[in-house]
Amino acid sequence: MLLLYSCLFAALAYAQVLVQNVTFNSDYHLSPAQIKAANLSSALVQQVQVALNFERSNNAGNLTQNDPFYFLPDGVTRSNLPPPGSILKVEEYTNTTYYTFPPSLSLSRFLYVSESYNGSRVPVSAYVLWPFTPRKFRGLKACSGSSNTVYPVIGQAHGTTGQTQACAPSNLRALADAYYEPFTMALNGYAVVAPDYAGLGIPQSPTPYFVFPSHANDLFHAVAAAQSQWPTLLSKSFVLTGQSQGGGTAWSAAQRQVKRPVPGYLGTLAASPFTNILAAISGEDQTQVNVRVVGIAQGLDSVLANFTASQWLTPIAIARLALLRELKGCSGTANQLFSSKQGIDFLQPGWNETDGAAWYARNIRNGAQPFAGPMLVIQGTTDGNAIESVTTAAVNQTCQMYPKARLQYTRYTGVGHSQVMPAGQNEWLGWISDRFEGKRQRDGCELAVVGPVRDAASVVKAQNWFIEYNQYGI
Ligand SMILES: *[C@@H]1O[C@H](CO)[C@@H](O)[C@H](O)[C@H]1NC(C)=O
Ligand SMILES: *[C@@H]1O[C@H](CO)[C@@H](O)[C@H](O)[C@H]1NC(C)=O
Ligand SMILES: *[C@@H]1O[C@H](CO)[C@@H](O)[C@H](O)[C@H]1NC(C)=O
Ligand SMILES: *[C@@H]1O[C@H](CO)[C@@H](O)[C@H](O)[C@H]1NC(C)=O
Ligand SMILES: *[C@@H]1O[C@H](CO)[C@@H](O)[C@H](O)[C@H]1NC(C)=O
Ligand SMILES: *[C@@H]1O[C@H](CO)[C@@H](O)[C@H](O)[C@H]1NC(C)=O
Ligand SMILES: *[C@@H]1O[C@H](CO)[C@@H](O)[C@H](O)[C@H]1NC(C)=O
Ligand SMILES: *[C@@H]1O[C@H](CO)[C@@H](O)[C@H](O)[C@H]1NC(C)=O
């Protein structure tokens, strides 16, 4: 013991001790013109700068907008794209120095062609997070050839990061969802194929935020593109997953699979999914309502020709949206710009009763439609975003209309929105491996409510930490 202690002490004594960074790696200041145009108080200027510089510091190396990886290759434009699922560019070995990954993982990034809501071709970025070695499943087949090193594929749809090109998970140090999703999946031996969604990464304005069928296209085509690039390494069969915005995307993908079956599909995990979006929004706190509605409004004209954002947003919201786009801000910056604490009305009265809202509610919803099972839906009962009663109603309706559909619905008592991923990790990891093992989920809906075994008050409710660089390691 004493020997061990003195060896450790000696090792530390030789290392140069560095102070942990307390400043951000970015120092952007708003200009007087920006402040005036968006009518920002001096307190808000400070808040917006802190949020923006924090977001920029979380980029892995260059800001996404400056990273040449996201530029289309020479000769490729939006008007001459090859068919959906085609690869446009591959970065086989991404330099992970500026990412904060668990040791043993490695990363590839690629650009590929997806489809917009109306079927037009659109370039999108994505990553593959590779485990050190693949998890083994008997009989798991690669897309071509026969190899012992076949990585089982998870197509992962990410949660909300924002609506500008700067909000691409593939250039965020912890890939946005970190240990809640991609890290854990990769550490369990799965290759995680994750699109950034159209408009995040490769610039595009507007971006079709919360247009789930569009995100679902991105998800399926990312998997297909990755399989075409690494046909001997990636499995033909795949599971789709996602939480929050990604949960809505995953459920939408299961509905797409009925109409456009993709071979290899094994099932979908939809965690805290958005279903009846306007109903869920009405249960969120006002800042979240503002940010969500601004996010949807900025993109809806890309799918609904007669829609303009000003049908839902007040002039001050339109001015701040312009600033958000100019800054290339993401969710953190938007949360400040549209904070309800300012007592400003950002949404037009009756925005949710416009024709645009009715069209959106009718066409972008999940549930009460056929879906390709098996599907696992997990939901926290104290979710403040994808409200539990709304998800439950969507599950109920779906189960009543399609009683044979294979749907497992598990509610986690006292668990919040993102927290359902760690709370349900045991269940969803087991469920995913069951799919690759070829187990058949029973027909029909199965409902379960699981609570903490120990005193609910003792359970950690929310994440109170961020991942930071260790300066000795960089
Ligand atoms: C620490 O912050 C400074 C800016 O204050 C930056 O130049 C430097 O790269 C940061 N180092 C790390 C390891 O983040
Ligand atoms: C600008 O903000 C101030 C409060 O900071 C408010 O009194 C004023 O009405 C706002 N102007 C507009 C055009 O929204
Ligand atoms: C940042 O971008 C420049 C070109 O703009 C490139 O030379 C450099 O390698 C990039 N650095 C990182 C860490 O991606
Ligand atoms: C990765 O980036 C770091 C920091 O810029 C650099 O020191 C290192 O040489 C790069 N590694 C490779 C393999 O290019
Ligand atoms: C389809 O959507 C794209 C992007 O959202 C848009 O640019 C294009 O004009 C649309 N095409 C049609 C025929 O509506
Ligand atoms: C806009 O178009 C949609 C669908 O094409 C339609 O349902 C709606 O009534 C139109 N709204 C207006 C205000 O023209
Ligand atoms: C619109 O929002 C208001 C206020 O939250 C609510 O009372 C009303 O029922 C909503 N309308 C629809 C169609 O959701
Ligand atoms: C869903 O169905 C169950 C019974 O199957 C019922 O107890 C519950 O109240 C329903 N919830 C909603 C929101 O419809």
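Atoms within each ligand, like the ligands themselves, are counted from 1 in listed order. As a basis for the values below, the full set of heavy atoms in this structure was taken, side chains included, without hydrogen atoms, waters or symmetry mates.
- Between Phe183 and Tyr179, the angle of the ring planes goes over 60°, which puts this pair in the perpendicular group of the 30/60° scheme.
- Residue contacts with ligand 4 do not include Tyr93, since none of its heavy atoms lies under 4.0 Å from the ligand.
- Enumerated by chain and number, the residues approaching ligand 5 to less than 4.0 Å through a heavy atom are Ser116, Asn118, Ser120, Ser302.
- The residues Glu115 and Arg121 are annotated as not salt-bridged, no charged nitrogen and carboxylate oxygen being separated by less than 4.0 angstrom.
- Using the six-membered ring where Trp is involved, Phe212 and His215 have ring planes that are perpendicular, over 60° apart on the 30 and 60° scheme.
- Under the 3.5 Å distance criterion, with hydrogens and angles disregarded, a donor-acceptor pair is assigned to the side chains of Tyr469 and Arg173.
- Listed by number with element, the atoms of ligand 4 under 4.0 angstrom from any heavy atom of Asn95 are 1 (C), 2 (O), 3 (C), 8 (C), 10 (C), 11 (N), 12 (C), 14 (O).
- Among the atoms of Ser41, none of the N or O lies under 3.5 angstrom from an N or O of ligand 2.
- For the pairing with Ile202, the side chain to side chain contact (heavy atoms under 4.5 Å, CB included) check across Thr64, Leu111, Asp196, Leu88 returns one residue only, Leu111.
- Residues Ser418 and Gln463 have side chains that never bring a donor and an acceptor to within less than 3.5 angstrom of each other.
- Using a cutoff of 4.0 Å between basic side-chain nitrogens and carboxylate oxygens, Arg109 and Asp67 are scored as salt-bridged.
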